[in-house]
Amino acid sequence: MFSSGVVAEILGAALFMAVTGALIGWLLRKVTRIGLLPSYALGIAVMTFVGAALYVFSQDGAVDYLSAWIRQAIGGVVGFLILYATSRRSVSKT
């Protein structure tokens, strides 16, 4: 179904999205009053478009933007799951 190259690109995109999405999320939390997980989601959403543009630019236009965005979006979902699994959420003790 997927070649090993596509899987490697998606895993690389997931790592890129997790790191840069967390960075943008941190910046959003410093500027606005937004929660941890929504800031991660917004950061990753922004970075899917930026990451796809960077990917197309690095391939000298050999890849179309839509397919690059789809790979970055899949990586963004995986990256968000990584951030969600590793985030320090407060647990209510009721």
Side-chain angles (χ1 to χ4, degrees):
M1 184 168 136
F2 287 119
S3 68
S4 61
V6 172
V7 173
E9 288 178 1
I10 290 173
L11 289 177
L15 180 63
F16 177 74
M17 291 297 147
V19 171
T20 57
L23 178 65
I24 290 178
W26 177 77
L27 290 172
L28 282 173
R29 285 191 312 275
K30 293 297 176 188
V31 174
T32 64
R33 298 183 66 164
I34 191 169
L36 181 67
L37 293 178
S39 69
Y40 285 164
L42 285 173
I44 287 175
V46 167
M47 287 311 295
T48 57
F49 296 103
V50 174
L54 290 173
Y55 183 75
V56 170
F57 180 73
S58 70
Q59 299 294 321
D60 291 329
V63 178
D64 62 312
Y65 183 80
L66 181 62
S67 66
W69 184 83
I70 290 171
R71 288 182 184 172
Q72 296 296 319
I74 293 170
V77 170
V78 174
F80 180 77
L81 292 175
I82 291 169
L83 290 174
Y84 180 77
T86 59
S87 66
R88 293 183 288 166
R89 297 177 305 274
S90 64
V91 178
S92 64
K93 298 179 181 179
T94 57

For residues [X] and [Y]: do they belong to one hydrophobic cluster (side chain heavy atoms under 4.5 Å, members Ile, Leu, Val, Met, Phe, Trp, Tyr)?
X     : Y     : result
Ile10 : Phe49 : yes
Met17 : Val50 : yes
Met47 : Ile34 : yes
Val6  : Leu66 : yes
Leu37 : Ile44 : yes

Worksheet item: Quick one: salt bridge (Lys or Arg N to Asp or Glu O under 4.0 Å) pairs with a partner in residues 34-53, sequence neighbours left out?
Response: none
Practice prompt. Quick one: list whatever passes side chain to side chain donor-acceptor pair (under 3.5 Å) with Ser39, sequence neighbours left out.
Written response: Arg29
Worksheet entry | Set of side chain to side chain donor-acceptor pair (under 3.5 Å) partners for Ser67, sequence neighbours left out | Asp64
Discussion item. Using every non-hydrogen atom in the two residues, find where Leu28 and Gly43 come nearest and quote the distance to one decimal.
Written reply: CD1-N, 4.4 Å
Fill in: Closest contact, heavy atoms only, Ala53 versus Tyr65
N-CE1, 3.6 Å
Discussion item. So Leu42 and Ile24, do their side chains get closer than 4.5 Å, heavy atoms only?
Written reply: no
Worksheet item: Is there any ring pair (Phe, Tyr, Trp, His ring centres under 6.0 Å) pair reaching into residues 8-32, and which pairs are they, with sequence neighbours excluded?
Response: none
N/O donor-acceptor pairs under 3.5 Å from side chains in residues 69-83, not counting sequence neighbours:
{"residue": "Trp69", "atom": "NE1", "partner": "Thr48", "partner atom": "OG1", "Å": "3.4"}
{"residue": "Arg71", "atom": "NH1", "partner": "Glu9", "partner atom": "OE1", "Å": "2.3"}

Worksheet item: To which residues is Phe57 joined in a hydrophobic cluster, defined by side-chain heavy-atom contacts under 4.5 Å among Ile, Leu, Val, Met, Phe, Trp and Tyr, whether direct or through other members?
Response: none
